[in-house]
Amino acid sequence: MRRLKTFPAKLFVLLLFGACLAWAGWAHAESGLPDVGGTFPSIALEAPKDPAMRDYLGLGEAQTFTVDQVDADLVVVEIFSMYCPYCQREAPVVNAFYELAQKKNRPGKTVKILGIGAGNTAFEVDVFAKKYKVPFPLIADGDYSVHKTLGQVRTPYFIAVRRGPDGKRSVVYSQAGSIGSPEDFYRRLMGP
Amino acid sequence: MDRSWMWRLGGALIMAMVVLSSVWTPPAHGISEAFQGKIYTPGPLKPVDSTLKVRVGDVAPDFTLPSISGEKVQLSQFRGQKHVVLSFVPAAWTPVCSDQWPGYNIAKELFEAHDAVVLGISVDNLPTLFAWTQEMGGLWFPVLSDFWPHGEVASRYGVLRSDGVSERATFIIDKEGVIRYIDIHDINERPSLESILKELQKLPSP
């Protein structure tokens, strides 16, 4: 303890404190991936320009939105990239899940899907949408800012956010890789 | 017992942590789940490590290289037929490269609309390139091996780095065989498809 009375010791403690704060901040920024039971980060996403896609998400005239503002009982967020071959192979599967969800939509069981193109410009996202005839909104994340906030996950990565009876949202699914059978995935998230 | 060295070492380590925390950002690129566990990550590299030997307006040096389909491909065989997008990538099974050509793969119609063909080149040998592109699900455009003599074509264009891999470089060569666009990209980043297509738009279309 005698050492703490010296200037170097005080400096040491100060540096240690600073280092801990810096590392904590860095770790928090890099591990923003929401776990099951957690909440989806409140990231401002650019609202789609296509009026049909805005209607689908229930956004009105807002220029930006968060996942929690999507008008649905369950929102499935897909982190993808047009450059990712796995995402390309998964595209028809996700489209089939969209069709299934649309067919089963009813009050209390509405499901919406949203894609976020990690490192993809609006042009690149559009190439992917046209190639695979993606029927749901895809948002460009050209500077990887969303991808970084979500912990730089491998693609595709799926996060499902459920709206509870009290209106609160919580993550119920968070996993990399294929969703598997669209029917099984739907049952897993929404029940029969 | 003199423990002053411990204090000095501790202080140095903490300073290093602070500095690293403030300046180091992990590379941001969406690595496809398809490659999970199979990608060698070299870490941040010197953005460019070669001296270009050709310029826009030059006739592109001709070459013949073996492709993964088994055929040899000669640049001049496209003369008068197609614009050529020559896409050098540094190495198979590395992070950015593995997420580059798959994007070009779903844009075949866009390249064709500009009367262009893509030629992918790396200094890897044929078996490596074959396995790597199979992992991508196959590619529609020729993938050429500049393995032996090692990196000879990359060297002739001036894009062979000092460690034996090529730059992440794009050359657009028109139907007359003239270089119309050169992008020696930061090796740590992927060039956008958009920038290539914008350059192709400047060339005469069919």
Side-chain angles (χ1 to χ4, degrees), chain A residues 3 6 8-9 11-27 29-30 79-91 116-124 126-128 130-132 141-145 147-148 150-157 175-178, chain B residues 3-4 6-37 39 95-111 132-139 189-198:
Chain A
R3 277 179 182 275
T6 64
L11 185 65
F12 178 85
V13 171
L14 201 64
L15 283 173
L16 185 65
F17 183 64
C20 289
L21 280 179
W23 276 104
W26 176 79
E30 294 308 315
I79 314 298
F80 78 102
S81 166
M82 75 150 276
Y83 293 92
C84 148
Y86 201 146
C87 306
Q88 296 168 1
R89 287 200 285 270
E90 187 71 358
I116 297 173
N120 291 180
T121 63
F123 175 86
E124 290 166 334
D126 195 45
V127 168
F128 189 88
K130 284 178 180 157
K131 176 72 181 180
Y132 297 104
D141 176 31
D143 62 0
Y144 291 99
S145 58
H147 189 235
K148 282 179 186 171
L150 294 175
Q152 301 194 55
V153 292
R154 291 179 182 276
T155 53
Y157 196 99
Q175 200 165 305
S178 175
Chain B
R3 292 183 178 166
S4 60
M6 290 176 66
W7 287 93
R8 283 199 295 273
L9 181 63
L13 283 172
I14 289 166
M15 285 302 289
M17 284 166 66
V18 173
V19 170
L20 279 174
S21 299
S22 61
V23 302
W24 184 72
T25 302
H29 34 68
I31 298 175
S32 170
E33 183 70 8
F35 297 106
Q36 190 174 16
I39 296 297
V96 182
C97 303
S98 299
D99 281 337
Q100 183 174 339
W101 287 347
Y104 304 167
N105 200 37
I106 64 166
K108 182 181 180 188
E109 292 82 1
L110 295 176
F111 286 105
W132 183 49
T133 53
Q134 285 297 111
E135 193 75 25
M136 297 174 190
L139 300 171
E189 294 174 4
R190 183 186 59 223
S192 77
L193 173 66
E194 202 168 346
S195 59
I196 295 170
L197 292 171
K198 271 183 185 168

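Chain letters run A, B, ... following the sequence lines, proteins first and then strands; every chain starts at 1.
The distance from the OH atom of B/Tyr104 to the OH atom of A/Tyr83 is 6.0 Å, given to the nearest 0.5 Å. For the atom pair CD of B/Glu194 and CG of A/Asn120, the computed distance is 10.5 Å after rounding to the nearest 0.5 Å. Once rounded to the nearest 0.5 Å, the distance linking NZ of A/Lys130 with CD1 of B/Ile106 reads 12.0 Å. Atom CG of B/Asn105 is separated from atom NZ of A/Lys131 by 8.0 Å, given to the nearest 0.5 angstrom.
Residue contact with chain B, scored on non-hydrogen atoms closer than 4.5 Å, involves the backbone and the side chain of A/Phe128 alike.
The two residues B/Arg190 and A/Ala118 come nearest to each other via the heavy atoms NH2-O, 4.5 Å. Across all non-hydrogen atoms, the minimal contact from A/Cys84 to B/Asp99 is CA-OD1, 4.2 Å.
At distances below 3.5 Å, at least one donor-acceptor pair connects side-chain atoms of A/Glu124 with backbone N or O atoms of B/Leu193.
Contacts of B/Thr133 classified as side chain to side chain contact (heavy atoms under 4.5 Å, CB included), with partners at least two apart in sequence or in another chain: B/Ile68, B/Met136, B/Leu139, B/Val143.
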